[in-house]
Structure formats: structure tokens, C-alpha cells
Amino acid sequence: MHELEEVGNPDPDPLPARSPVPPSIVDGEEHAVDPRSVRVARLVGIPTILIIAMLPMIFITIGWALGGIPNMVYLPLLGGLLSILALALSFTYLWTAARHRHLRYRVDESGLRIRRGVFWRKVILIPTSRVQHTDVSQGPVQRSFELATLTVHTAGTEGASISLAGLEHATATRLCDHLQPDRGTDAD
Amino acid sequence: MQTEPRRLHRWSWLFISAGSVRALIFPAIGAVLASGGVLLTRLDLLSLIFIVPALVYAFVKQRVYSYRFTESELVVRDGLLTRNVRHIPYERIHNVALVRNPIHRLLGVTSARIETAAGGKPEASLRVLSMEAAEELRRYTLGEVEKTAETDSPTTAPADTPLLQVPDRELVRLGLISNRGFIVIAAVLGASSQFQWWDEDWIQDQDWLAFYESARAKAPAWVGWLTESGTLAFGVLLTVVLILLFLVLLRLFSIAWYVVRYHGFTLRRKGEDLRAEYGLLTHVSSLIPIHRVQLVTVSATFLHRWFGRASIDLETAGTSEAGSELSGQLAASGVATTRQWLTPIIEAGRVGELLRKVLPDIDLEAVEWKPIEARAVGRIVKRVAIVVVPVTIGVTAILTFGPIPLSGWHGLWLPLVTLTTTWLIARAWVRRAGYALTDRAIFFRSGWLGRQISAVRFVNMQTVSMRQSPFDRRRRMASVAVDTAGAGKIGHRIQIPFLDVEVAEAILLRLYDETCSTEFRW
């Protein structure tokens with residue numbers, strides 16, 4: 001079918017013939033990543049914070065139970081730690097959502113554009129012609145949501161690997177294929 | 001096509017063992033110290049422990065090490081117990097750097113390092129080869145066989161005229177410009193601290209006053225007025241003379257360092273690439289892979305500009321250049337960088353011409369500089385003011401309420417002076433900073449007293465990005481940066497700050513289009 005189209009239509013527009021991705025992704029429109037990625041980020045981030053915060057609390061509690069730390073010190077200390085924990089938790093809760101709100105990607109025939117950053121904003125443009133290879137990875141939490149992280153590698157230095165987390169796994173795979181250079185020349 | 005295995009030169013053991021002895025110096029010093037110095041009296045034991053193994057290792061290495069050339073790759077065999085065969089395709093070889101110190105030259109040999117895009121340490125280090133073997137190695141690996149075969153002598157003959165030669169008087173000038181004297185002094189101090197040739201107790205026990213008195217007594221009459229001890233003038237004069245002497249010495253060292261190291265610096269065209277040759281004692285001949293250049297920087301410090309000179313350095317992907325000035329400096333700190341000099345010094349007027357010859361895409365004379373936003377001056381001054389204002393308040397408070405008998409108003413000198421200077425410098429900086437886009441490359445220049453211009457060909461751009469800090473957003477500004485392969489941590493690069501956001505977006509899209517329409521090749 002593609003051959004027929006190419007024979008009958010010498011239009012140089014390469015989009016329908018070359019792209020392995022349905023035009024719905026390579027549309028030059030800005031997309032947000034899957035909203036469930038916020039939940040994934042929270043499910044990963046919140047336990048991490050809890051574990052980090054629990055350790056000092058456990059230690060001072062042991063000290064208190066053994067009589068090393070008087071009540072006068074223990075209670076305010078515990079209160080302080082708990083309030084810091086509460087702050088950190090709410091910050092993570094809000095920050096993951098904010099980060100998601102400000103994360104956009106756009107794919108066109110020539111490459112990928114990622115826009116991110118809540119306060120310090122950054123737009124990064126990755127031309128397909130500069131992509132060395134691409135990876136799709138899935139953490140355990142991501143897997144249960146059928147989400148994935150797309151990582152694009154270039155020969156650059158600062159932008160040597162650029163990841164885009166929270167894509168639907170199928171989308172990530174298709175993007176991966178789309179961005180993968182199929183130039184036969186660079187076998188090395 | 002496959003050649004017979006080649007062996008290292010018969011003097012190789014000397015250089016291999018010298019290399020390992022050098023590596024063993026610190027353990028040896030440690031051993032001597034640990035034995036309380038006793039080992040020094042037993043040099044036979046010391047050499048048995050440290051030198052004999054090095055010699056044995058060197059002889060074994062010389063026997064087992066071999067290499068041969070096939071159609072498309074260099075095959076290096078190494079190892080006695082674990083045999084190691086390494087295949088290095090010619091096309092991946094960026095450079096074969098030949099390094100010769102006086103001993104190499106005495107024996108008519110050279111050491112060769114094979115450098116590839118992998119970066120960091122050389123892929124293979126052939127220590128040592130005869131000059132003929134080194135030539136053969138270069139012929140095979142750098143594909144100079146076909147080139148000389150294809151293009152006959154008429155085209156190669158004019159290509160062999162040097163592109164650039166740096167005469168010694170330029171190196172003297174470079175010595176005056178740069179602060180290399182400190183390196184020599186640091187090296188001397190470092191070496192002397194290793195050996196502890198002085199005795200600290202002796203220094204402390206000496207009666208320096210008596211020494212001084214006796215020296216004064218012996219001094220001839222005409223310096224007598226100088227030695228009228230205790231006068232303030234004498235002290236000041238002595239200090240000034242000593243400082244001047246030190247500075248002169250520093251510059252002399254610096255000049256000597258440059259002349260010794262870069263004597264006879266010559267750039268020659270070598271096929272697509274260039275070859276730099278230099279060195280008085282250690283002769284270095286290294287290939288500059290022009291087609292692997294990712295970034296070019298022309299820089300001129302204040303002193304360079306005073307003398308009407310500039311230097312050009314190149315960032316090539318992956319290779320660590322043997323004998324390269326800049327990488328050598330950083331190798332000590334563990335950072336593998338890839339900057340190397342195209343030339344350490346050149347007349348400012350010839351920069352454009354040389355660059356055009358070497359990299360036709362980068363034509364400095366054809367660029368039309370566009371300015372960054374003049375509004376940036378205000379932002380820079382504001383940044384400084386954020387620091388200066390609280391300090392001023394503090395100083396004023398101390399002057400007003402503290403014990404110093406000065407009016408609080410004197411505290412205002414601080415912001416007056418700092419903010420005006422900042423404003424003047426910022427204005428000069430912003431006026432000077434600029435960018436330019438030609439149809440092949442992007443340029444960025446900046447600097448106030450010292451000035452730098454960097455250029456990246458579109459082919460070498462990897463990703464392009466635009467950043468906005470919250471302050472940028474408030475003033476509708478943005479910065480644009482270009483990422484290249486093998487970008488080091490230091491040095492000037494394409495990072496254009498303080499652009500109007502719409503201008504920045506336009507540049508971003510233009511760069512993106514240019515990147516998409518070109519193909520990057522290593």
C-alpha cells in the first residue's frame with residue numbers, strides 16, 4: 001500500500017510513508033505526559049521521604065526509651081521532626097503535580113521537544129538526526145500503571161541523555177522507534 | 001591484506017621500565033621513610049625491590065607485545081598470562097601522537113599513542129618504535145597510504161608548506177603574557193619538598209641577625225647607604241626590590257617554559273587534518289583532527305590584547321591530546337578534557353585568515369554580530385545591589401553607633417563605588433557580548449578585559465536549549481545554549497544570556513532547523 005502511494009504520489013512529504021508511528025503522535029502538537037505519572041511520582045517519592053525521616057525519629061525514640069534523652073528535649077525534637085516531615089510530604093505532593101503541569105513534549109518528523117521546569121524553565125530540542133540511541137525503561141511502580149520512561153541519548157555532553165518520565169508504555173515504545181535512527185551508515 | 005606482526009623497538013625495555021620506575025618512586029620513598037632511612041644505605045636491596053621487577057616486566061612486555069596491520073584495523077597483541085588482542089579499526093583512530101624526549105632522540109626512537117573517540121586514556125600506547133615504524137604506523141592508521149597514492153605529488157607539495165609558524169620571539173611574548181612562571185616555581189618547590197634537601201632545624205638554629213650583620217660588614221661601601229639598618233626606607237626598598245625581582249624572575253621562567261616547550265611550533269596540513277610540531281627538548285608531533293573539532297574558541301586576555309595577540313583553541317570529541325597544553329593541566333585534577341591549542345599565540349589580525357584556512361565554515365570576518373539586550377545592564381547591577389545594600393546598611397550602622405569617629409554617611413561610599421563600577425563594567429560587557437548566525441555556524445562572543453569568541457558549526461550541534469529563570473521571565477528574557485560532543489567543564493562555549501524571549505525562540509528554531517537538516521558524523 002505504501003509503495004502504491006509512493007508511486008502514485010511523488011509528493012515529497014515523508015510523513016505517511018516513513019513514519020512507523022500513527023500521525024497521532026507525530027503531530028507537532030504539545031502533549032502532557034500521562035496524568036497517572038503524578039501518582040507514580042508520589043508513590044515513589046513519599047515512601048522515600050518517610051524512610052529518610054523515620055530513621056532519626058527511631059534513633060531519638062530509642063534514646064528516649066533508654067533514658068538518654070529527657071522528655072523536655074524529646075517531645076519538642078519529635079514535634080519539630082514531625083512538622084518538617086509534614087512539610088516535606090506536602091511539598092512533594094504539590095511539587096509532583098506542579099512538575100507534571102509544566103512538563104510538555106512535542107514530536108514532529110524531525111525530532112522531539114521537551115519543555116519543563118516549574119520556576120526555572122527549560123526547552124530542549126532533540127533532532128532525530130542527533131539521536132544516538134533510545135531506551136524505554138519501567139520501574140516497578142511504573143509497571144503497575146503501564147507507564148514508562150523514555151531516555152534519548154545524544155553524542156552531546158550536558159544533553160548526553162535526556163529522559164521523559166510518565167509516558168504510557170505503548171507511547172514510549174512508539175516514540176522510541178520513531179526517534180531511533182534507522183540510518184544504516186553509523187554501524188559503529 | 002595483512003602484514004607480518006611488528007615488534008617494538010629493541011630499546012623499548014628502557015622506556016617501559018623507566019615508566020614503571022617513575023610510577024614506583026612514591027612507593028619507594030614510602031618504603032625508605034618506613035624503614036627510617038635505613039633502606040637508603042642498602043641501595044642494592046632498594047633496587048632489588050623496585051628496579052629489578054620493573055626491568056623484568058619491561059623485558060617480558062617487549063617480548064610479548066606485537067601489532068600488525070590488516071585491511072581495516074590495527075591488531076595489538078599484549079599479555080603473557082592473559083593474552084589480550086585488541087582490534088582498533090583505522091576509521092576510529094583520531095590521532096597518532098608521537099612524543100620524543102631527548103633520550104628518545106638520542107636513540108632515534110619515538111613513543112606513539114593511538115587515540116580514539118573513546119576519550120580519556122589512549123587506546124594503545126606503543127613504547128617505543130623506530131621512526132620508520134612510526135611513519136608506517138601513521139601511514140596505515142591515518143589512511144595516508146591511499147591519499148598519497150591517489151593524489152600525486154603536484155597537490156601534496158604545496159600542501160606541505162606550513163600554515164603557521166610561531167617564531168621564538170612570539171613565544172617570548174607569550175611568556176610575558178601568561179603566568180606560566182608559577183608552574184615552574186611550583187614544580188621546583190614540589191620537587192624540593194619531596195627531597196627535603198634543607199634541614200628545618202638548621203634554618204631555625206641559625207643566628208640570622210648575626211649573619212645579616214656579618215654580610216653588612218663585608219658589603220662594599222657603595223651599597224653602604226642601603227644597609228643603614230632599621231630605616232623605614234630601607235625596609236620598603238628591600239621589599240619592593242624583592243617583589244620586582246620575583247616578578248621579573250617569574251616572567252623569565254615563564255618565557256623559558258614557553259620557549260622550551262613550544263620552540264618551533266609549526267602547523268602543517270595533513271590531508272583533511274593538521275599536524276602540530278613543537279618542542280625544544282621533548283619534541284611533540286601531534287595530529288589535530290580538524291574534522292573532529294566540535295567547538296572553536298578564540299581568546300585574548302587583557303595582556304594578549306595589549307600585545308595585539310590572541311590564542312585559538314579547539315575542542316575535539318573524544319581524544320585526549322598527548323602533549324596538549326590544556327589537557328595536561330587538567331589531567332592532574334582527573335578531568336579528561338579535549339581542548340587543545342590550534343595556536344598558543346597569533347597576531348590578532350591573522351586569526352580570521354588562519355581559521356578560514358583551517359575551518360572554512362567558520363569565517364570570523366563574515367559574521368554580523370547581533371547584540372544581547374541592553375536591559376541586561378540593569379539586571380546585573382541589581383544582582384550586585386542585592387549583596388551590596390545589606391552590607392551598606394551594616395557598615396552604616398556600625399559607623400553610626402560604633403566606636404569609630406566617622407559619620408554614618410561615609411557608609412554610602414560603598415554602594416556609590418561598587419555600583420558605579422558594576423554599572424560601568426556591566427555596560428561594557430553587555431555592549432561587547434553578542435551572537436551571530438551564518439549559514440554554517442553559530443558564534444558567541446563575550447568578555448570585558450579578556451575577550452572570547454566561540455563558534456560551533458551546525459553539523460556539530462547536538463541539542464539546543466532555551467532556559468528562563470524566574471527573573472528572566474519577569475523581564476521577558478531567556479538564554480540559549482548549544483550542546484556539543486565532548487564539551488569540557490571549563491572554557492567558553494555557546495551560552496547566550498540576556499536575549500529577548502522572542503529573539504531567543506527564533507534563534508532556537510533556526511538552530512533546530514539547521515541541526516535537523518545536517519547529519520552529525522564522528
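Just so we're on the same page: letters track the sequence lines, and every chain starts at 1. Quantities reported herein were computed from a predicted structural model and do not represent experimental measurements.
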(request) Could I get the full list of salt bridge (Lys or Arg N to Asp or Glu O under 4.0 Å) partners for A:R113, not counting sequence neighbours? (result) A:E30

(request) Go through the steps to decide whether B:T518 and B:R440 satisfy the test side chain to side chain donor-acceptor pair (under 3.5 Å), and finish with yes or no. (result) CA-CA 10 Å; B:T518 52; B:R440 291 294 174 81; over 6 Å; no

(request) Can you tell which part of B:L508 gets under 4.5 Å to a heavy atom of chain A, answering side chain, backbone, both or neither? (result) both

(request) Could you tell me which portion of A:V118 (side chain, backbone, both or neither) has an atom closer than 4.5 angstrom to a non-hydrogen atom of chain B? (result) backbone

(request) Name the orientation class of the two ring planes belonging to A:W120 and B:F471 (parallel below 30°, tilted from 30 to 60°, perpendicular beyond 60°). (result) perpendicular

(request) Dump the intermediate steps for salt bridge (Lys or Arg N to Asp or Glu O under 4.0 Å) on B:D472 and B:R379, then the final yes or no. (result) CA-CA 9 Å; B:D472 276 329; B:R379 284 187 57 191; 2.7 Å; yes

(request) Could you label the plane-to-plane angle of the B:F69 and B:Y67 rings as parallel, tilted or perpendicular, counting under 30° as parallel and over 60° as perpendicular? (result) perpendicular

(message) Can you list the residues of residues 157-169 of chain A that sit under 4.5 Å from chain B, counting heavy atoms only?
(response) A:T157, A:E158, A:G159, A:A160, A:I162

(message) Under 4.5 Å from any heavy atom of chain A, what part of B:T515 do you find: side chain, backbone, both or neither?
(response) both

(message) Run the side-chain hydrogen bond (donor to acceptor under 3.5 Å, both in side chains) test against B:E73 and tell me which residues pass, sequence neighbours left out.
(response) B:H87

(request) Using side-chain hydrogen bond (donor to acceptor under 3.5 Å, both in side chains) as the criterion, list what pairs up with B:R510, not counting sequence neighbours. (result) B:E514

